[in-house]
Number of protein chains: 4
Amino acid sequence: MEDKNEKCAVFGIYGKGLDVARLSFFGLFALQHRGQESSGISVADGYGIHTYKNMGLVNQVYTEETIHSLQGHLAIGHNRYSTSEGTGLKHAQPVIVKNGLLSLAHNGNLPSVRKLKDFLESKDIGTQDHSDSELMAKALGYYLEHGESLKDAVIKCWPLWTGAFCLTILTKDTLVAVRDVFGIRPLSMAKLNGDGVVFASETCAFHTIGAEFEREIKPGEMVIVNKDGVESVQLETPKQKFDIFEFVYFSRPDSQSLGKSVYEVRQKCGIQLFEECKLEADVIIPVPETAMPVAAGYSRASGIPLEMGLIKNRYIHRTFIQPEQHSRELGVKMKLTPLPEVIKDKRVIIMDDSIVRGTTSRQIVKMIFEAGAKEVHMLISSPPVKFPDFYGIDTPKQKDLISAHKTPEEIKTYLGATSLYFLSLEGLIKSTGLNKDLFCTSCFTGEYPIDLGEKQNDISEPVYAKVAKPEGALL
Amino acid sequence: MEDKNEKCAVFGIYGKGLDVARLSFFGLFALQHRGQESSGISVADGYGIHTYKNMGLVNQVYTEETIHSLQGHLAIGHNRYSTSEGTGLKHAQPVIVKNGLLSLAHNGNLPSVRKLKDFLESKDIGTQDHSDSELMAKALGYYLEHGESLKDAVIKCWPLWTGAFCLTILTKDTLVAVRDVFGIRPLSMAKLNGDGVVFASETCAFHTIGAEFEREIKPGEMVIVNKDGVESVQLETPKQKFDIFEFVYFSRPDSQSLGKSVYEVRQKCGIQLFEECKLEADVIIPVPETAMPVAAGYSRASGIPLEMGLIKNRYIHRTFIQPEQHSRELGVKMKLTPLPEVIKDKRVIIMDDSIVRGTTSRQIVKMIFEAGAKEVHMLISSPPVKFPDFYGIDTPKQKDLISAHKTPEEIKTYLGATSLYFLSLEGLIKSTGLNKDLFCTSCFTGEYPIDLGEKQNDISEPVYAKVAKPEGALL
Amino acid sequence: MEDKNEKCAVFGIYGKGLDVARLSFFGLFALQHRGQESSGISVADGYGIHTYKNMGLVNQVYTEETIHSLQGHLAIGHNRYSTSEGTGLKHAQPVIVKNGLLSLAHNGNLPSVRKLKDFLESKDIGTQDHSDSELMAKALGYYLEHGESLKDAVIKCWPLWTGAFCLTILTKDTLVAVRDVFGIRPLSMAKLNGDGVVFASETCAFHTIGAEFEREIKPGEMVIVNKDGVESVQLETPKQKFDIFEFVYFSRPDSQSLGKSVYEVRQKCGIQLFEECKLEADVIIPVPETAMPVAAGYSRASGIPLEMGLIKNRYIHRTFIQPEQHSRELGVKMKLTPLPEVIKDKRVIIMDDSIVRGTTSRQIVKMIFEAGAKEVHMLISSPPVKFPDFYGIDTPKQKDLISAHKTPEEIKTYLGATSLYFLSLEGLIKSTGLNKDLFCTSCFTGEYPIDLGEKQNDISEPVYAKVAKPEGALL
Amino acid sequence: MEDKNEKCAVFGIYGKGLDVARLSFFGLFALQHRGQESSGISVADGYGIHTYKNMGLVNQVYTEETIHSLQGHLAIGHNRYSTSEGTGLKHAQPVIVKNGLLSLAHNGNLPSVRKLKDFLESKDIGTQDHSDSELMAKALGYYLEHGESLKDAVIKCWPLWTGAFCLTILTKDTLVAVRDVFGIRPLSMAKLNGDGVVFASETCAFHTIGAEFEREIKPGEMVIVNKDGVESVQLETPKQKFDIFEFVYFSRPDSQSLGKSVYEVRQKCGIQLFEECKLEADVIIPVPETAMPVAAGYSRASGIPLEMGLIKNRYIHRTFIQPEQHSRELGVKMKLTPLPEVIKDKRVIIMDDSIVRGTTSRQIVKMIFEAGAKEVHMLISSPPVKFPDFYGIDTPKQKDLISAHKTPEEIKTYLGATSLYFLSLEGLIKSTGLNKDLFCTSCFTGEYPIDLGEKQNDISEPVYAKVAKPEGALL
């Protein structure tokens with residue numbers, strides 16, 4: 001529910017006879033949850049590249065006229081969320097190098113860009129005020145300008161790129177998808193109408209356009225699509241470290257990753273939560289929408305009835321109007337309304353996916369009590385978030401993560417809840433049905449698979465060390 | 001799920017020291033589901049009225065600058081859905097008479113405006129190209145210009161107004177709320193910070209701004225608020241005929257009407273559906289979002305597990321981009337994705353609130369079968385819609401209502417469903433826990449409580465007559 | 001030519017049966033030169049006031065829909081130029097008090113608002129962040145709220161208003177025009193279609209709408225128009241001190257003031273310039289557009305042929321694109337092009353209306369020499385501007401006025417001109433055909449007819465004192 | 001003064017190290033008078049082409065952000081006027097073929113596109129709904145796609161292009177300028193900062209950006225600019241037929257064509273008019289702005305003083321507000337105001353460049369009489385316009401040309417003028433100082449140098465045949 005934001009979604013499509021801009025639009029539309037600040041599409045036709053990007057939701061950015069002006073048979077697309085790198089059109093993607101030499105869409109983050117900058121500076125290429133995505137694109141551009149194919153350019157740049165990245169890249173005639181060696185962010189591939197090839201951050205984009213899921217891009221793999229067909233190059237041995245938060249929160253429930261349905265994993269988290277923490281209660285209420293399958297799982301396992309006791313305003317995205325002085329807590333009230341008829345005089349379980357800052361959870365607990373609950377038990381389908389993310393999620397700084405500073409017991413008190421329980425990391429992993437080694441769990445454990453480079457300093461001494469039994473215990 | 005659209009939401013607020021424009025904004029925001037085409041607020045301060053209205057969602061229409069420019073201590077607001085009366089800014093409400101003489105917001109519809117036009121024309125007041133709302137406002141304006149108070153003006157106009165209407169009306173110093181004698185559309189009243197008075201189409205608007213629900217405006221009642229306090233005038237003996245569709249579909253689940261929670265009524269519809277139609281199935285899937293409590297009710301009554309097997313795109317409101325030629329059915333696919341993991345090889349119950357044209361339901365059935373279902377049973381939480389609405393809902397013409405022409409058996413065949421069941425009218429009414437006489441059920445029965453006047457001709461001979469057992473039977 | 005900007009234009013109209021908003025539009029259009037930042041119109045109809053204002057040129061601010069929404073039989077309008085009081089919509093006029101109690105449009109400036117603020121604060125009325133126009137309007141509002149008529153409210157406020165002001169004021173049924181006792185800014189009145197009454201900052205607005213000029217509003221006079229007819233009240237004995245810069249630069253040539261045609265006065269300035277400074281030259285070139293009649297006068301008096309040797313880009317208003325590094329002087333080049341065919345090998349007289357900062361004049365001199373001139377003589381149709389304005393013109397601070405720091409001889413050197421001559425103040429006044437006492441000449445002489453109050457400190461010790469013969473001498 | 005509209009302006013620039021987009025902006029700004037509906041710039045950088053175009057004035061279309069996004073070292077630009085081919089963004093130029101294969105800007109018109117369509121259709125390339133410019137671009141695109149250089153593509157397309165055209169064309173690395181064999185529209189070339197090459201429709205664009213005029217592109221010439229330098233190819237022997245209307249009306253006075261200054265030609269037209277028609281009058285007033293040098297010429301030759309007796313509103317471009325019912329003639333009144341002080345009791349000569357429909361002239365004559373003139377003599381610095389243009393000017397249809405139906409005598413009566421005189425064709429040509437054979441005079445004579453093809457039918461039988469002495473006679 002709370003403010004963790006995915007940086008981006010990427011998309012790519014290749015297919016003679018397809019209206020690739022239109023299909024990119026619908027693909028990006030299905031990926032809207034991964035970025036709402038800006039959107040862009042680049043289209044190529046064998047002769048050059050034409051790009052359109054603007055601020056706003058996918059629905060607001062494109063018009064029939066725009067889509068019509070994007071003619072070609074290969075395309076990439078991007079949705080962006082505003083991050084620390086700044087806001088505004090100049091940060092919108094795809095990133096372009098020269099006019100039509102190269103267009104690149106990036107989901108992820110390079111915590112360190114030292115090597116990349118050194119390389120570019122050694123070639124007398126400016127790097128000032130450049131995002132990691134622009135630096136990656138410029139390095140590719142260097143090799144393309146020196147006569148390399150896009151495939152060879154990616155191979156040569158590979159050692160320079162240290163971090164989390166799923167890329168879709170376009171030249172005038174070739175589409176490439178690349179995923180970092182840890183496969184931190186998701187990236188999949190599908191078939192459309194026979195020959196057509198589609199790449200997308202999440203598989204939910206395939207259903208929307210009628211494409212058929214084929215497989216995930218492997219960590220460390222590059223897939224090249226052009227008139228000669230589809231070629232796969234394994235650039236490095238995969239060391240899969242998939243961000244487990246994609247299952248917990250980011251991905252749409254109708255997506256799948258590592259062969260697992262996000263919906264099912266969440267449902268199993270609910271069942272696992274019951275295994276770990278058997279509460280007595282009258283009703284279980286999910287915080288919409290992520291926690292709904294979790295709550296359904298717990299309900300089925302426990303027999304406690306599930307009710308949609310928190311109603312979400314369907315039209316909430318962003319508003320810029322400040323609340324009135326007499327109603328300071330309007331923020332959450334605008335988004336959520338409790339139903340007294342299912343809450344009053346009840347022992348209520350509130351199910352949420354995670355706690356980041358704690359401020360929203362606190363307001364929810366208060367709201368549920370005000371609606372007449374006798375008890376409010378918070379069940380969280382992930383462990384405490386103690387460390388910031390450096391691989392493409394816009395988390396607050398460590399000092400703002402409540403679990404970096406407070407024990408669950410202290411958090412319970414802060415929230416005003418009757419009890420609070422975080423799913424154990426083991427329980428979370430068990431719910432995925434996969435091996436622990438496949439995941440990046442840095443937000444919970446501080447174990448960062450990719451070197452943080454200069455960002456290492458953003459992590460303070462583990463503030464959170466004083467707790468003997470930090471999770472997996474009902475408090 | 002399908003395209004029945006409420007025409008409007010109305011709002012009103014009075015309170016010295018309150019930022020009434022800002023509170024109107026948040027109230028209209030909570031009422032967004034009742035109208036997404038345009039929004040407007042009029043504010044008065046004892047000296048005059050200032051109005052701002054524009055096309056778009058509440059969130060898009062107002063800025064801090066706009067809200068700040070609307071100074072005063074009483075206000076009305078309106079959200080509008082485009083209807084047969086036409087689209088565009090000139091139809092946006094509140095309707096204004098003279099500069100600041102009167103501002104009026106209307107939810108509902110007058111099927112006949114003959115009397116009203118005759119009156120105005122007898123006074124040499126132009127009526128050409130006027131909506132029913134404009135005509136109502138002009139009649140009030142006539143009396144105000146002739147020195148009547150707003151209260152007396154409403155009393156004099158009352159006999160001229162034949163139809164469904166919930167009005168909030170503003171002069172420079174007085175706020176009035178009026179509801180037609182049948183109380184077809186909802187209208188309630190709340191208290192805010194002691195003296196403050198709030199009116200809103202639905203009670204969900206009260207929670208958002210921290211107001212406390214007091215009571216419904218009675219059918220045939222006018223409530224006047226000004227510096228002398230709050231006065232109620234019963235203009236005519238109430239003949240409550242509340243549109244039962246507010247419970248079935250329109251109202252937000254966190255609203256209440258006739259003392260009943262919309263959420264609970266829907267849940268009881270699910271329980272009642274099980275009473276009437278006990279299906280054997282493996283899973284029950286609601287079409288989000290209206291049918292969710294219905295499905296929860298059926299699930300609890302039947303023991304068949306509930307799954308969110310249809311995922312709705314959170315960002316869908318409207319798009320104007322046409323689908324690509326290779327994927328004609330993109331419309332529904334953009335909005336809904338089925339989860340094969342909960343559908344495959346299952347006997348599936350799909351729960352929806354109503355069937356109007358049948359086109360969406362047909363695509364859903366197809367989609368569920370394609371996701372691997374063995375059987376697809378459609379359960380509808382309302383009877384067949386055989387007649388158009390004339391009281392403020394934007395339904396298709398009768399010729400486009402599938403139940404006006406096809407029996408449930410024929411509809412089942414058209415949808416391609418394994419079975420189809422409509423909740424009986426008796427069952428629906430039983431779920432409300434209220435007396436049948438309190439409701440307008442014209443869409444199901446063709447019994448229109450308010451004279452249709454010249455609109456009578458829009459109803460053809462009951463096309464739907466050939467079926468012995470039209471509903472309440474599993475097919 | 002240079003950057004002196006008038007703050008505003010005001011307009012007012014009263015007439016049953018007239019489309020007063022539309023006529024205000026055309027009037028404001030004719031007054032566009034007095035303010036290009038924002039525009040607004042308030043319309044009243046006997047019941048209230050409706051106002052529309054926005055940023056931009058008159059042509060950009062209004063649409064048919066806007067004009068149509070402004071219904072009534074009396075109106076005021078305003079064009080504004082951005083000034084030291086700040087930029088943006090919140091400074092756009094007309095200024096509104098309460099919703100429809102009062103609307104006010106102001107051209108001029110109150111150098112001191114101490115008395116006005118004291119009065120308002122004594123009545124517990126907020127004055128923070130208020131412009132002089134808002135303060136004036138609030139004081140009127142106070143009296144209107146206390147039951148005074150608009151006429152009486154103006155009478156009571158009169159002693160509080162110290163400065164230069166031409167006002168048009170609107171209540172729901174009355175239009176008033178007021179001019180300060182010195183009559184610093186112009187304000188005139190006309191008849192339209194019999195009963196109709198029109199007020200405008202300049203008479204050029206009357207021709208556009210087919211109105212017939214009647215007379216100027218007298219200094220210290222108020223004219224009241226309502227259903228009882230037109231009434232004049234002389235609030236104080238006139239002490240006419242008309243800003244002579246209206247003749248020199250601001251007013252459109254097709255306007256008239258004090259019974260004199262602006263065009264003719266400028267032409268006579270040219271003749272007078274020849275009287276004072278008989279140059280030998282081959283061609284005389286005006287800086288368009290103000291100096292054209294001046295040049296015509298000098299040409300006729302001297303026999304030196306007039307050529308349009310500086311072509312002005314018709315489409316210049318504002319651009320925000322920065323010039324390229326290779327062409328730093330693009331600013332003036334975008335606005336003006338010299339014609340080598342009339343300049344080459346010629347002794348050229350450049351005629352301009354005034355020199356403020358000197359930067360533009362310097363670029364013009366350079367440009368003329370580059371086009372091949374043998375000599376470039378600058379003739380200026382006004383004396384050196386040594387003092388800033390406090391009565392409604394947006395001049396630079398005194399430190400930026402070149403004549404406050406340099407002698408004409410030094411300026412000539414700075415400009416790079418062959419010679420430089422400023423029209424003498426006596427010559428300028430002689431050209432008007434009027435008595436010197438009728439004019440405010442503060443920019444030239446530092447003699448400010450209206451007390452500057454707290455602004456007195458903005459004038460430094462007369463920097464300009466070292467010159468024995470500051471003007472009226474050819475250098 | 002009247003409504004003859006040039007279709008377009010073209011621009012082109014090549015130069016390493018130059019900010020070509022910014023310079024194109026300033027160039028197009030100087031060419032604004034040739035097209036105000038839309039504007040566009042394409043930039044190339046050796047790798048591809050990036051294009052931005054939009055509706056509006058140059059000043060409105062581009063922002064710093066836009067200009068900054070257009071990186072490269074060669075560019076073309078275009079301003080467009082709405083014509084019979086329709087309005088809107090899809091008609092904005094430059095025209096693009098493929099993404100970055102080719103971009104083309106066109107000033108002129110192909111009366112016949114039969115050959116061009118036949119060619120494209122023979123290659124299976126769609127031509128439906130294509131403008132002449134799009135067809136020309138597509139033909140070039142065909143050859144580029146088949147491996148030809150841009151130079152060779154132009155050579156191969158040359159025989160297909162029948163009409164009036166000045167083109168600037170861009171590929172990713174080459175800039176080409178081409179002019180039709182008759183050189184109907186102007187096109188010139190300049191140097192900038194050493195190596196830089198600039199092309200523009202009019203030479204006035206060079207001054208603005210500090211470029212130095214070099215020469216005109218010859219009729220039938222192509223100039224190719226790329227990294228190998230500048231190459232000229234004479235595609236066909238020139239048959240110069242320059243549209244004489246460029247001298248009469250279209251070109252800016254600070255441009256030159258065929259080695260002649262537009263300003264000087266207009267001045268000589270005035271002198272020639274006096275040769276042909278020696279009037280006795282008190283004052284001569286030009287209709288601004290085109291006729292100003294003409295009037296200056298007549299004034300100098302006749303000794304009759306010139307006065308700017310018609311003041312033009314500086315801010316007039318377009319307005320969409322309809323005039324009020326009481327002031328039907330507002331159209332011209334908004335644009336022009338007469339100065340009674342120079343008109344009253346005078347015998348006035350009004351000087352205009354041409355008469356097309358006659359409606360504007362009629363209103364001007366009326367206006368001058370209303371301002372008190374004793375006599376109003378119309379002097380026109382061109383012969384009667386009897387035939388429509390097919391080479392890139394947006395003239396009315398022949399039936400709307402007043403001189404196609406009325407004799408000068410009849411026109412004089414229609415205008416209500418005291419006398420009317422059209423400059424003779426011989427006089428006009430004499431004023432240019434050039435040979436008659438160099439000009440296209442079709443609007444006056446019906447002699448169309450380029451075959452009109454299917455457009456031949458748009459010219460009716462010479463309606464105008466009844467007059468023995470149609471021009472060169474004072475009436």
Side-chain angles (χ1 to χ4, degrees), chain A residues 18-19 22-23 25-26 29-30 32-33 36 57-59 62-64 67 192-193 196 204 207-210 252-254 256 261 263-264 267 289 292-293 296 300 305-309 311 313-327 329-330 333-334 337-342, chain B residues 18-19 22-23 25-26 29-30 32-33 36 57-59 62-64 67 192-193 204 207-210 252-254 256 261 263-264 267 289 292-293 296 299-300 305-309 311 313-327 329-330 333-334 337-342:
Chain A
L18 295 176
D19 189 344
R22 197 170 300 274
L23 290 160
F25 167 84
F26 287 110
F29 190 88
Q32 182 75 79
H33 61 292
Q36 292 104 47
L57 295 175
V58 171
N59 230 345
Y62 306 97
T63 62
E64 267 295 330
I67 293 295
L192 180 61
N193 292 335
C204 65
H207 172 263
T208 302
I209 60 169
R252 255 176 60 164
D254 50 342
Q256 52 168 284
S261 149
Y263 181 87
E264 277 191 332
Q267 207 168 34
E289 311 196 9
M292 277 164 56
R300 196 175 307 178
L306 166 72
E307 297 274 5
M308 303 299 150
I311 303 300
N313 189 324
R314 290 185 235 172
Y315 297 91
I316 266 291
H317 303 316
R318 295 177 175 203
T319 183
F320 300 103
I321 306 297
Q322 292 304 308
E324 202 248 355
Q325 52 171 342
H326 292 95
S327 39
E329 280 153 10
L330 227 86
K333 281 194 181 171
M334 274 180 70
T337 319
L339 293 179
E341 51 271 35
V342 303
Chain B
L18 295 176
D19 189 345
R22 197 170 301 274
L23 291 160
F25 168 83
F26 287 110
F29 190 88
Q32 182 74 81
H33 61 292
Q36 293 103 48
L57 295 175
V58 171
N59 230 344
Y62 306 98
T63 62
E64 267 295 330
I67 293 295
L192 180 62
N193 291 335
C204 65
H207 173 262
T208 300
I209 59 170
R252 253 176 62 163
D254 50 341
Q256 52 169 284
S261 149
Y263 181 88
E264 277 192 330
Q267 205 168 36
E289 310 194 12
M292 276 165 57
S299 170
R300 195 174 307 178
L306 165 73
E307 298 274 4
M308 304 298 151
I311 302 299
N313 189 324
R314 291 184 232 171
Y315 297 90
I316 268 291
H317 304 315
R318 296 177 173 202
T319 184
F320 300 103
I321 306 296
Q322 292 304 309
E324 202 249 354
Q325 53 171 339
H326 293 97
S327 39
E329 280 152 10
L330 226 87
K333 281 193 180 169
M334 273 180 71
T337 319
L339 293 180
E341 52 270 34
V342 303

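Note on naming: letters A, B, ... go to the chains in the order of the sequence lines (proteins, then strands), and numbering restarts at 1 for each one. Everything numeric in this text was worked out from a predicted model, so none of it was measured.
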What residues form a side chain to side chain contact (heavy atoms under 4.5 Å, CB included) with A/Gln267, not counting sequence neighbours? A/Tyr263, A/Ala296, A/Arg300, B/Glu307
For B/Ile311 and A/Pro253, work out which heavy atoms get closest and say how close. CD1-CG, 3.5 Å
Tell me every residue that passes side chain to side chain donor-acceptor pair (under 3.5 Å) with B/Glu341, counting only those two or more places apart in sequence or in another chain. A/Ser261
From B/Met308 atom CE to A/Asp254 atom CG, the distance as rounded to the nearest 0.5 Å: 14.0 Å
Interface moiety of B/Val58 toward chain A, non-hydrogen atoms closer than 4.5 Å: neither
